[in-house]
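Everything below concerns the one structure shown next.
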Protein chains: 2
Amino acid sequence: MKPPVKKTPVARRGRRDSHRLTPHELELGAFFVQMAGILGVPRSVAQIYALLYAADVALDFDQIQAKLGMSKGSVSQGLKFLRDHEMILSVKAKGVRRERWEPTPSLAASMVNLVRRQVLPALEQSTPALQRVLDGAQKAGASPEVLERLTRLKRWNARALELFPLMLPPSPGG
Amino acid sequence: MKPPVKKTPVARRGRRDSHRLTPHELELGAFFVQMAGILGVPRSVAQIYALLYAADVALDFDQIQAKLGMSKGSVSQGLKFLRDHEMILSVKAKGVRRERWEPTPSLAASMVNLVRRQVLPALEQSTPALQRVLDGAQKAGASPEVLERLTRLKRWNARALELFPLMLPPSPGG
DNA sequence: GCCTAAGTTCAATTTTTATTGAAACATGTC
DNA sequence: GACATGTTTCAATAAAAATTGAACTTAGGC
């Protein structure tokens with residue numbers, strides 16, 4: 001399993017980025033990276049978010065790439081992820097083609113969204129699966145103890161499924 | 001980032017295990033593996049837990065290894081993890097050396113514990129870090145907007161830190 | 001106190017996940 | 001509608017995480 005505290009990937013960090021970032025940008029980056037790790041979000045995405053979070057003005061693609069020293073591919077995918085999860089907004093000035101990005105007002109909402117999108121589908125998929133497991137166990141003559149356990153699990157799943165959507169109203173996107 | 005739905009690792013599954021498991025053991029395994037994935041717990045640990053969860057009687061080391069077709073190392077580490085997180089208990093009959101394992105009564109408590117142990121240390125570490133970030137931003141003359149964001153983040157962190165321990169009373173182990 | 005069964009450790013390996021970068025694609029401009 | 005700029009895609013590669021297995025440790029029986 002993941003080590004409790006992630007060691008800094010020295011090779012990559014030393015290779016190019018980080019000297020373009022101020023100490024507090026770096027420290028904020030580390031904070032978001034750690035939180036992202038818990039939520040299963042890749043490092044590069046967290047770094048982009050942190051950068052935008054600490055920026056006085058909205059930043060464009062090339063500025064992000066330059067500041068973080070990451071590839072176009074990563075920046076593109078990272079921005080896509082953040083957009084899809086409604087964690088950033090593009091600010092367009094007219095006559096300017098380039099998009100510029102800034103964080104959405106509510107970080108909390110974004111995080112709840114993130115969790116929900118991971119958990120809800122899993123719970124939905126599980127409902128019929130757990131029913132099948134319970135049926136199978138009954139037919140196979142499982143002990144009352146096991147049947148009890150499985151029944152509790154199924155109930156728990158159902159409860160979670162009805163509680164979860166209440167955490168926040170569904171996002172515009174679905 | 002992780003693909004939304006994990007494809008079954010055909011090679012490994014086909015190689016040895018699974019034909020020792022009943023269909024409902026397999027399906028329950030899949031369920032726990034999926035949940036574990038969200039929580040950042042490795043597959044092998046989830047499989048062990050699922051096996052014990054669906055078992056009529058407590059199982060020993062060798063039975064687990066045989067049923068799941070995994071290495072001694074994985075079984076040992078998996079059991080250690082589950083023990084450390086108070087998700088399983090050993091049932092000892094006297095005169096018998098071998099330990100036998102069964103799930104603890106409360107799965108819900110176990111899961112909360114699991115989350116707490118990931119999140120709490122991160123939050124604690126973050127408190128001073130965020131303060132430093134905020135100070136740095138102030139000294140560097142950041143815009144009021146950014147200072148506002150960072151202040152909110154710090155408050156949010158502090159709130160999470162005081163709310164979290166209330167989710168469940170602390171476990172005996174710490 | 002020695003022997004053996006039971007379990008742990010950890011370096012090597014495999015598997016999974018993230019990142020890169022070059023080619024393809026889009027979109028606005030003239 | 002050709003061009004240039006900005007962005008995405010995706011196969012190849014690098015990095016991180018999980019798993020294995022053989023050497024090592026520990027605990028109990030004698």
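These values consider heavy atoms only, across backbone and side chains, with no hydrogens, waters or symmetry-generated copies. A, B, ... follow the sequence lines: proteins, then strands. Residue 1 opens every chain.
- When the P atom of dT7(D) is taken as reference, atom CD of Q63(A) falls 11 Å away, rounded to whole Å.
- Heavy atoms only, all atoms of each residue included: L51(A) and L21(A) are closest at CD1-CD2, 4.0 Å.
- Contact between the side-chain N/O atoms of S44(B) and the OP1/OP2 oxygens of dT19(D) is found at a separation under 4.0 Å.
- Checked against dA6(C), dT9(C), dT9(D), the side chain of Q77(A) finds its nearest nucleotide in dT9(D).
- Of the N and O atoms on the side chains of Q65(B) and K72(B), not one donor lies less than 3.5 Å from an acceptor on the other residue.
- Side-chain atoms of K80(A) stay outside donor-acceptor range of the base of dT8(D), with no qualifying N/O pair under 3.5 Å.
- Looking at the side chain of P42(B), the nearest of the listed nucleotides dT8(C), dT19(D), dT7(D) is dT19(D).
- Between R43(A) atom CZ and dT20(C) atom C1' there is a gap of 16 Å when expressed in whole angstrom units.
- With rounding to whole Å, D62(A) atom CG is found 15 Å from dG21(C) atom C1'.
- A salt bridge links E86(A) with R117(A): the distance from a Lys NZ or Arg NE/NH1/NH2 to an Asp or Glu carboxylate oxygen falls below 4.0 Å.
- The phosphate of dT7(D) has neither OP1 nor OP2 within less than 4.0 Å of any side-chain N or O from R83(A).
- Rounding to whole angstrom units, CD of residue Q65(B) and P of dA5(C) are separated by 16 Å.
- Computed from coordinates, the I38(A) CD1 to dA17(D) P distance equals 13 Å when rounded to whole Å.
- Atoms CD (E99(B)) and P (dG7(C)) sit 6 Å apart, rounded to a whole Å.
- Across the protein-nucleic acid pair, L68(B) atom CG and dT20(D) atom C1' stand 15 Å apart, rounded to whole Å.
- Annotation: of the two residues near DNA chain C, V45(A) and S74(B), the 5′-most nearest-nucleotide partner is S74(B).
- For L82(A) and dT8(D), the CG to P distance is 12 Å, given to the nearest whole Å.
- Residue S71(A) places none of its side-chain N or O atoms closer than 4.0 Å to OP1 or OP2 of dT19(C).
- Ranking dT8(D), dT20(D), dT9(D) by closeness to the M70(B) side chain, first place goes to dT20(D).
- Salt-bridge check for R98(B) with D62(B): passed, with a basic side-chain N closer than 4.0 Å to an acidic carboxylate O.
- For K72(B), the side-chain atoms get nearest to dG7(C) when compared with the rest of dG7(C), dT7(D), dT19(C).
- Separation of atoms CG (N157(A)) and CD (Q131(A)) is listed at 10.5 Å; rounding is to 0.5 Å.
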